[in-house]
2 protein chains.
Amino acid sequence: MSRTHTTSLEKSLALLRGIVADGGRTPFNEIAAGLDLPLSTAYRLASQLVDAGFASRYGPNLYGPGLAATLLYSQSDASAHITRVARPLLKQLSQETGLTSHLGILESGMVTYKIRIPGRPPRAASFTREGMQLEAYCSALGKVLLAGLQDADLDDYLHEGAFVPLTPHTLIEPASLKQEILKTRQTGFAIDDREVSEDMICLAVPVAGPLGETVAAVSVSMLVGRGQNTDPMGFHPFLETCARTLGELLGAPRDAAQEADQRS
Amino acid sequence: MSRTHTTSLEKSLALLRGIVADGGRTPFNEIAAGLDLPLSTAYRLASQLVDAGFASRYGPNLYGPGLAATLLYSQSDASAHITRVARPLLKQLSQETGLTSHLGILESGMVTYKIRIPGRPPRAASFTREGMQLEAYCSALGKVLLAGLQDADLDDYLHEGAFVPLTPHTLIEPASLKQEILKTRQTGFAIDDREVSEDMICLAVPVAGPLGETVAAVSVSMLVGRGQNTDPMGFHPFLETCARTLGELLGAPRDAAQEADQRS
DNA sequence: CGTTTTCTCCCGTATCCTGAGAACTCCCAT
DNA sequence: ATGGGAGTTCTCAGGATACGGGAGAAAACG
């Protein structure tokens with residue numbers, strides 16, 4: 001637990017993280033205590049962070065994000081970064097499974113499809129395009145992403161939405177949707193069984209970010225004809241491996257399995 | 001020039017700045033060279049930044065912003081920070097001058113009034129409110145903020161706009177607007193002489209941010225009756241002092257006077 | 001005005017950072 | 001294949017420099 005052999009830069013950056021984490025609400029002495037930093041050291045480091053513009057003094061016992069760093073990072077786009085890292089992995093996933101794979105992120109209540117890798121053989125009538133947006137409630141990707149929300153945000157979504165059925169299988173009851181999403185949190189995957197299109201089944205799992213939170217989701221889609229009852233769970237290990245690898249590349253903590261940790 | 005006595009954290013943060021500065025376009029060896037860092041040292045520091053999630057490896061000789069830090073800082077709002085720091089200064093400014101003072105920032109082509117401190121005596125019919133948005137081309141604040149744009153962005157603005165005259169004095173010709181803005185860049189201030197309202201004159205100056213760029217503008221407004229010809233330039237020193245102090249609090253470089261440095 | 005909390009400064013010590021160079025890995029041109 | 005060059009990591013010894021306990025300003029508090 002106590003990582004004794006921590007270098008000075010590590011300490012400073014951990015401190016910075018603590019300072020910026022919630023916009024400067026955590027008292028400084030708590031942050032320092034949480035990192036086992038002697039106060040005198042913590043102050044010295046903090047004042048250097050301030051000098052460099054990465055942090056800022058908000059008040060007594062209070063630091064917050066610095067303007068320089070805010071401006072600096074405001075130009076960089078998280079989803080672009082994820083997309084860039086993810087694309088080769090999804091290509092491999094489609095290679096292995098022969099299925100169409102997607103990566104999606106949640107943007108203001110809608111799923112944005114950032115990556116789409118066609119399966120083999122490339123089925124003609126696949127309707128997704130990169131960059132397109134789709135309602136979240138009906139797709140496997142969407143359900144996984146919704147499962148990653150905080151409880152409060154999730155309830156907001158469920159209460160405000162007008163859920164239109166795309167197929168006879170689409171879930172449109174807020175109650176059963178919530179049920180489904182809670183189940184997703186436990187199992188770590190979601191299935192779309194012809195809920196968005198009559199001939200399509202999808203399986204999706206979350207991708208963990210640096211703090212273990214869900215930053216994206218990946219899925220595989222299979223077309224189903226009449227009668228043939230293919231089970232998507234056979235592909236789950238491939239999908240899971242892909243998502244975990246991606247998460248690690250994005251800096252997710254080691255143990256961030258398919259858990260969804262929900263705070264108040 | 002060569003700051004020999006630089007601490008390790010300073011070096012690391014300077015390196016990080018260089019890495020994040022333009023989304024990972026600058027080759028790593030150039031950054032290191034620019035900071036007089038031995039390559040071996042630079043690599044060591046960079047890999048620590050990557051481990052901490054503040055930077056990310058984009059490719060050979062290429063680093064970029066890290067996802068963890070991007071997510072971290074994406075929650076913090078630059079304009080809120082500026083507003084918080086600026087408010088007491090504007091209060092003092094209004095005290096000293098007896099005029100109504102404003103702080104505004106540019107948001108997608110419009111000026112957002114973030115702070116409004118009423119003058120003395122509090123004139124009744126002042127039409128600005130905190131949080132309100134106004135077209136940029138007709139106010140002193142707007143002209144200063146436009147003057148802070150890159151040339152390309154400025155031209156975009158001038159070409160796309162439909163400039164509606166609010167008073168007979170409003171400039172609506174793109175050419176004369178550009179003229180006015182170029183003059184503003186040189187002089188370091190802008191005047192709105194009854195261009196937005198028949199009975200109001202404003203004087204505005206830019207506020208410099210951490211890189212010397214314009215991040216906001218402050219102004220004082222005076223009501224003019226018929227005949228009385230008050231010269232707003234008498235208040236310029238007060239305004240200038242306020243803007244400079246604010247800039248320093250925001251981490252502006254010492255020498256960022258009223259210069260507007262324009263890059264290609 | 002006394003008391004508590006926050007914060008800075010000092011200073012000897014040991015730590016850990018430094019940076020040249022060797023070594024390794026790719027990648028490309030020959 | 002072979003050599004060369006750029007990119008990257010590793011090693012290591014010496015010394016700068018970061019560390020952190022503690023004293024005591026300096027604020028906030030009551």
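FYI, side chains are in, hydrogens and waters are out, and symmetry mates aren't considered; it's all heavy atoms of this structure. Quick note on labels: first sequence line is chain A, next is B, and so on, each numbered from 1. All values derive from a computational prediction rather than experimental measurement.
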Enquirer: Just to verify, what does B:D155 make a side chain to side chain donor-acceptor pair (under 3.5 Å) with, not counting sequence neighbours?
Expert: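 Per chain and number, B:D155 pairs via side chain to side chain donor-acceptor pair (under 3.5 Å) with B:K178.
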Enquirer: Of all residues at least two apart in sequence or in a different chain, which pass the side chain to side chain donor-acceptor pair (under 3.5 Å) check with A:R57?
Expert: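 Once residues adjacent in sequence are excluded, the partners of A:R57 under the side chain to side chain donor-acceptor pair (under 3.5 Å) criterion are A:Y63.
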Enquirer: Between D:dG21 atom P and A:D36 atom CG, what is the distance in whole Å?
Expert: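 Value for this atom pair: 11 Å.
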Enquirer: Which word best sums up how the rings of A:F189 and A:H236 line up, parallel for under 30°, tilted for 30 to 60°, or perpendicular for over 60°?
Expert: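 Judged by the thresholds at 30° and 60°, the geometry between A:F189 and A:H236 is perpendicular.
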Enquirer: Take the protein atom CG of B:L9 and the nucleotide atom P of C:dC16, then report the distance between them rounded to whole Å.
Expert: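 Spelled out: CG on B:L9 to P on C:dC16 is 15 Å.
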Enquirer: Want to settle it: does A:K11 or A:N29 sit nearer the 5' end of DNA chain C, counting the closest nucleotide to each?
Expert: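 Its nucleotide being nearer the 5' end, the pick is A:N29.
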Enquirer: Report yes if the side chains of A:L9 and B:L9 come closer than 4.5 Å at any heavy-atom pair, otherwise no.
Expert: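 Heavy-atom side-chain distance check passes, below 4.5 Å.
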Enquirer: Quick one: CG on B:L211 to CG on A:L67, what's the gap to the nearest 0.5 Å?
Expert: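 The CG atom of B:L211 sits 9.5 Å away from the CG atom of A:L67.
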Enquirer: Scan residues 70-87 of chain B for pairs that pass salt bridge (Lys or Arg N to Asp or Glu O under 4.0 Å), counting only residues two or more places apart or in two chains.
Expert: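 Counting only pairs at least two positions apart or across chains, the salt bridge (Lys or Arg N to Asp or Glu O under 4.0 Å) contacts touching residues 70-87 of chain B are B:R87-B:E130.
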Enquirer: Atom CG of B:L37 and atom C1' of C:dA20: how far apart are they, to the nearest Å?
Expert: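 Going from CG in B:L37 over to C1' in C:dA20 covers 15 Å.
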Enquirer: Do A:Q48 and B:T7 have side-chain atoms, one donor and one acceptor, less than 3.5 Å apart?
Expert: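 There is such a pair between these side chains.
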Enquirer: Which value, rounded to the nearest 0.5 Å, describes the distance between B:T241 atom OG1 and B:L89 atom CG?
Expert: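 Interatomic distance, B:T241 OG1 to B:L89 CG, rounded to 0.5 Å: 11.0 Å.
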Enquirer: Return the polar atom pairs (N/O with N/O) between nucleotides 23-27 of chain D and the protein under 3.5 Å, or none.
Expert:
none

Enquirer: What is the separation between atom CG on A:L45 and atom P on C:dC16, rounded to the nearest whole Å?
Expert: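 Roughly 13 Å, once rounded to whole Å.
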Enquirer: Can you list the residues that meet the side chain to side chain donor-acceptor pair (under 3.5 Å) rule with B:S94, with sequence neighbours excluded?
Expert: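 Testing B:S94 for side chain to side chain donor-acceptor pair (under 3.5 Å), a comparison that skips the adjacent residues, returns B:S101.
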Enquirer: What integer distance in Å separates B:R44:CZ from C:dG19:P?
Expert: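 To the nearest whole Å, that distance equals 8 Å.
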Enquirer: How many Å lie between CG on A:L35 and C1' on D:dC19, as a whole number?
Expert: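 Taking atom C1' of D:dC19 as the reference, CG of A:L35 is at 16 Å.
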Enquirer: With the sugar-phosphate defined as primed atoms, P, OP1 and OP2, and the base as all remaining atoms, what B/S/- string results for nucleotides 7-15 of chain C, 5' to 3', for protein heavy atoms under 4.0 Å?
Expert: BBB------
Enquirer: Could you check whether A:T41 gets within reach of a base, just the sugar-phosphate, or nothing at all, counting any heavy atom under 4.0 Å?
Expert: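 Base contact.
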